[in-house]
Undergrad: 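Dropping the structure in here first, questions after.
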Amino acid sequence: MPVAPDLPEKYYLDNFNLVLNHVAQLYADIINEDERTFYDDFIGLSESAQCLYVRLLSRRGDWFRRDKLAYAEIPDITAAAVELQSQRFLEIYDLQSGGLPQEDDWQNLFTRQELATAIQTSTAQKVPASLRKQELLTRFEENSEQLVAGLPDTEIYCVYGEQELDTFRLLFFGNLYQDFTEFVLRDLGIYRYESYDLNAASRWCHQRSDLEAHRLYYALREEAGDLKDLSKESLCRIADSLPASEESTLRRRRHRFLVDIGRQIERLGYSDEALTIYERSMRHPARERRLRILVAQGQQEDADELAFAMAKAPVNEEEHQFLLSFVPRKMKHNHELCQRLAERVSAPLEDVMTMPAETRLSLGVERAVAAAFESEHPGDRLVYCENLLIPGMFGLIFWSAIYAEVPGAFFHPFQIRPSDLYEADFVTLRQKEFDVCWQALESADTLLERALETYQKKQGIANPFVHWAVLTEDLIRLSVERIPVGVWQGVFRFLLQDLRQHKAGLPDLIRFPTSEGFELLEVKGPGDTLQKNQRVWFAEFERLGIPARVIRVKDDPTALGGAGLTGAEQGEESPED
DNA sequence: GTTTGCACCG
DNA sequence: TTCACACGTTCTG
DNA sequence: GAACGTGTGTCTCGGTGCAAACTA
Ligand SMILES: [Mn+2]
Ligand SMILES: [Mn+2]
């Protein structure tokens, strides 16, 4: 990790200018007159006015107190503010002599203590010390005109231009959750991103309507919050006003949002409305929810039709697994379909381990099981890695394909992943690069070589599959030594079938017995069961002949409070099937 | 007084 | 812009 | 056991200082 370099004095202005210039140039045909004026006016400001504006914009909220602002690199803040006001980048209010702002939210600039003093001096009322600031604020706002006299004498600023800035940020990053701190953290060496080539034509947005659609989406998302306290009508209205844009990110988000909205409408008890919402989403579990509702409503014909469609072309492995368990239980009448889904995969191997509850709770159930194995079988090595080993190795081996420079995949320097990583045609668009990566799977030697090479070369660079702190060189060597190449091929192929769904659900532990082999162990505490994506992987393990078991932990009632971590393993095979 | 949360900075 | 997982409760066969 | 809702650690950094809320 390189030593943090010093940044230039006005690093933030450099970054801001870079974003503005980039967007104004690359998206010249997308930005509107208002945004163009914003850009031109900003460029025309003096440097210290620019600095102040960027400083304020990068802080929370619109309101600022003059007496709290101090920046070494801006000697005359007042002059800068006056200049900014002349170009309508902000508004200056002098509370004691000028008029008050129209909107009530500037009052929050003052501390609880200051508000209390103002109320007491102006009205001679005692303010109870127990009042919270929020209550004090509402009391103040009822009578701001009069109470303002008791506040500290300072100008306050209201900063404008957030809308315009959002447009620039959105066009630059393709989202509204990244901001200028990305630059700083990268330049300090805290974040490291792969350095793909950003050729000048990299645009994610091709028409103004895409931009508007994104902004509408973000606005609706904000209005919806976590959906908890919205009525059915509000939920339906939000679903109906979602932008229909087919821009890929937005389509993905819309389909996902529709599932969430449908779920909430279901909870409120409106199955029919939920059905129509789900019908508009292609994302799992939209069809699962529809089938559940149809069956619950007894709409046999529709249910049969939908179930056939799902069985014919499951949208993903999880939907397939759902059908396998749901149809035989709830749609017994449909013999044809039950027949078709009869590909019985036997239940996962299960073993039971007993240990004192205290051990389980203090170490965490996964570590407790790992420790029990290691003491029971000295020489065993157990690693608690969940999704970090197999997807991590995947990230290393296929690094160059993941970051292949496909048009549109990269459009700014702070992407952890290509924008289309989870799209269905991700692999197809990079077939050549993937073929090259597959060559490393020829033998254990080539696999290890490629893994270690990437491990060293890309150390610390952000990757959606690789977590550098957990994936040690030691673990890579051991796992390549123990896990046959054919197994690696199998799991990578399965991952590539559906990166989004399959990147999770891998078992808690991997066990390397003393001398040879490996085994995957999913630990389940009392009352826990396999999750959907874990079932999906277990089914795949069986198809691939990969050794995997579930370890069910039970509390040992005889060993109360005992400090010993001696877990007894029982080789008890589940009698299922 | 002390604790806690969080905005800000680089 | 989260996510992935575990855990607790309720219902049902 | 299935299904559902909710809690918990990842919250991508580490350091600083202020203000609010709590404790007596
Ligand atoms: Mn786990
Ligand atoms: Mn587990």
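Order of the sequence lines fixes the chain letters, A, B, ..., with proteins taken first and strands second; residue numbering starts at 1 for each chain.
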Undergrad: Does Gln178(A) reach a base, just sugar-phosphate, or nothing at all? Heavy atoms under 4.0 Å.
TA: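 No contact at all - Gln178(A) keeps every heavy atom at 4.0 Å or more from the nucleic acid.
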Undergrad: Assess whether atom CZ of Arg417(A) is packed by more than 12 heavy atoms of other residues, nucleotides or ligands within 6.0 Å.
TA: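 Atom CZ in Arg417(A) is not packed in, count stays at 12 or less.
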Undergrad: Please list, pair by pair, any protein nitrogen or oxygen found under 3.5 Å from a nitrogen or oxygen in nucleotides 8-16 of chain D.
TA:
none

Undergrad: From the list dA4(C), dA6(C), dA3(D), which nucleotide is the closest neighbour of the side chain of Arg292(A)?
TA: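 Looking only at heavy atoms from C-beta outward on Arg292(A), the closest nucleotide is dA3(D).
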Undergrad: Could you state the CZ-P distance from Arg263(A) to dC4(D), rounded to the nearest angstrom?
TA: 5 Å
Undergrad: Identify the two heavy atoms, one from Phe326(A) and one from Val295(A), that lie closest to each other, and give their separation to 0.1 Å.
TA: CE2-CG2, 3.9 Å
Undergrad: Base, sugar-phosphate alone, or nothing: which one does Tyr11(A) contact when heavy atoms must sit under 4.0 Å apart?
TA: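 Result for Tyr11(A) = base.
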Undergrad: Side chains of His214(A) and Glu247(A): donor-acceptor distance under 3.5 Å anywhere?
TA: yes
Undergrad: Carefully, step by step, assess Phe183(A) and Tyr12(A) under the rule ring pair (Phe, Tyr, Trp, His ring centres under 6.0 Å).
TA: CA-CA 9 Å; Phe183(A) 287 89; Tyr12(A) 56 89; over 10 Å; no
Undergrad: Choose from dA4(C), dT6(D), dA2(D) the nucleotide whose nearest atom is closest to any side-chain atom of Arg535(A).
TA: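 So the nucleotide nearest the side chain must be dA2(D).
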Undergrad: Apply the test ring pair (Phe, Tyr, Trp, His ring centres under 6.0 Å) to residues Phe16(A) and Phe180(A): give CA-CA distance (whole Å), side-chain angles for both, the deciding distance (0.1 Å), then the verdict.
TA: CA-CA 7 Å; Phe16(A) 192 84; Phe180(A) 294 96; 5.4 Å; yes
Undergrad: Applying the ring-ring contact (aromatic ring centres under 6.0 Å, His included) test to Phe410(A), which of Tyr193(A), Phe173(A), Tyr196(A) qualifies?
TA: Tyr196(A)
Undergrad: For the pair Asp105(A) and Trp63(A), evaluate side-chain hydrogen bond (donor to acceptor under 3.5 Å, both in side chains) and give the outcome as yes or no after the intermediate values.
TA: CA-CA 8 Å; Asp105(A) 40 4; Trp63(A) 289 100; 3.1 Å; yes
Undergrad: Of all the choices, dA6(C), dA21(D), dC8(B), which nucleotide is nearest to the side chain of Arg112(A) once you look at every atom?
TA: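 Between dA6(C), dA21(D), dC8(B), the one nearest the side chain of Arg112(A) would be dA21(D).
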Undergrad: Any side-chain N or O of Arg329(A) below 4.0 angstrom from OP1/OP2 of dA3(D)?
TA: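 Answer yes for this pair, as a side-chain N or O of Arg329(A) is under 4.0 Å from OP1 or OP2.
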Undergrad: Mind checking the P distance from dG15(D) to dT1(C)? Whole angstroms is fine.
TA: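 Taking atom P in both dG15(D) and dT1(C), they lie 31 Å apart.
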Undergrad: Using whole Å, report how far OH of Tyr384(A) lies from C1' of dC5(C).
TA: 8 Å
Undergrad: Taking CZ from Arg60(A) and C1' from dC9(B), how many angstroms apart are they, rounded to a whole number?
TA: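 Taking CZ of Arg60(A) and C1' of dC9(B), I get 15 Å after rounding.
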Undergrad: Just compare dC5(C), dA20(D), dC7(C) and give me whichever is closest to any side-chain atom of Asp508(A).
TA: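 The nucleotide sitting nearest to the side chain is dC5(C).
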Undergrad: Please pick, from dT1(C), dC22(D), dG5(D), the nucleotide with the shortest atom-to-atom distance to any side-chain atom of Tyr217(A).
TA: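 Closest nucleotide to the Tyr217(A) side chain: dT1(C).
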Undergrad: Just the table, please: protein N/O against nucleotides 10-13 of chain C N/O, every pair under 3.5 Å.
TA:
none

Undergrad: Could you tell me how far dA7(B) sits from dT12(D) if I compare only their P atoms? Round to whole Å.
TA: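 It comes out at 13 Å once rounded to the nearest Å.
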Undergrad: Surrounding NZ of Lys554(A) (heavy atoms of other residues, nucleotides or ligands, distance under 6.0 Å), is the total greater than 12?
TA: no
Undergrad: Could you check whether Arg186(A) pairs with Glu182(A) (Lys NZ or Arg NE/NH1/NH2 to Asp/Glu carboxylate O, under 4.0 Å)?
TA: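 A salt bridge is absent here (no side-chain N lies under 4.0 Å from a carboxylate O).
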Undergrad: Pick base, sugar-phosphate or nothing for Lys532(A), based on heavy-atom distances below 4.0 Å to the nucleic acid.
TA: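 It contacts nothing in the nucleic acid.
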Undergrad: Tell me the interatomic distance from Asp226(A), atom CG, to dT2(C), atom P, rounded to whole angstroms.
TA: 11 Å
Undergrad: Can you tell me if Gln531(A) touches the phosphate of dA6(C), counting only side-chain N or O atoms and a distance under 4.0 Å to OP1 or OP2?
TA: yes
Undergrad: Can you check the distance between dC8(B) and dC11(D), where both ends of the measurement are the P atom (answer in whole Å)?
TA: 22 Å
Undergrad: Considering Watson-Crick and G-U wobble pairs with both distances under 3.5 Å, what does dT10(D) pair with?
TA: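 WC or wobble partner does not exist here.
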Undergrad: Touch check for Arg289(A), heavy atoms < 4.0 angstrom, all strands: base, sugar-phosphate only, or nothing?
TA: sugar-phosphate
Undergrad: As a test of reading the structure: which of dT1(C), dA6(C), dA20(D) is closest to the side chain of Tyr177(A), going by heavy atoms?
TA: dT1(C)
Undergrad: Using a cut-off of less than 4.0 Å, is there contact between a side-chain N or O of Lys524(A) and OP1 or OP2 of dC7(C)?
TA: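 False: Lys524(A) side-chain N/O out of range (4.0 Å or more) of dC7(C) OP1/OP2.
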Undergrad: Counting side-chain heavy atoms from CB outward, which of dC5(C), dA21(D), dG10(B) is closest to Arg55(A)?
TA: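 So the side chain of Arg55(A) is nearest to dG10(B).
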Undergrad: Which part of the nucleic acid does Tyr71(A) contact within heavy-atom distance under 4.0 Å: base, sugar-phosphate only, or nothing?
TA: sugar-phosphate
Undergrad: Please verify the inter-ring angle class for Trp468(A) with Trp399(A); under 30° counts as parallel, over 60° as perpendicular, anything in between as tilted.
TA: tilted
Undergrad: Can you confirm if the NZ or CZ of Arg66(A) lies within 45° of the ring axis of Tyr157(A) and under 6.0 Å from the centre of its six-membered ring?
TA: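 No, cation not above the ring by the 6.0 Å, 45° rule.
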Undergrad: Which part of the nucleic acid, if any, lies within contact of Asn175(A), taking any heavy atom under 4.0 Å across all strands shown: a base, the sugar-phosphate backbone alone, or nothing?
TA: nothing
Undergrad: May I ask you to verify if any side-chain N or O of Asn387(A) is less than 4.0 angstrom from the OP1 or OP2 atom of dC5(C)?
TA: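 Answer is yes, contact under 4.0 Å.
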Undergrad: Which whole-number value in Å describes the distance from Lys133(A) NZ to dC22(D) C1'?
TA: 17 Å
Undergrad: Between dT1(C) atom P and Arg417(A) atom CZ, what is the distance in whole Å?
TA: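 Atom-to-atom, Arg417(A) to dT1(C), this comes out as 8 Å.
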Undergrad: Is Arg263(A) salt-bridged to Glu266(A), cutoff N-O under 4.0 Å?
TA: yes
Undergrad: Tell me the interatomic distance from Tyr12(A), atom OH, to dC8(B), atom C1', rounded to whole angstroms.
TA: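 It works out to 14 Å between those atoms.
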Undergrad: Pick base, sugar-phosphate or nothing for Arg500(A), based on heavy-atom distances below 4.0 Å to the nucleic acid.
TA: nothing
Undergrad: Under 4.0 Å: is that the gap between some side-chain N or O of Gln134(A) and OP1 or OP2 of dA20(D)?
TA: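 Checking Gln134(A) against dA20(D): no side-chain N or O falls below 4.0 Å of OP1 or OP2.
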Undergrad: Measure from CG on Leu13(A) to P on dC9(B) and round the result to the nearest Å.
TA: 15 Å
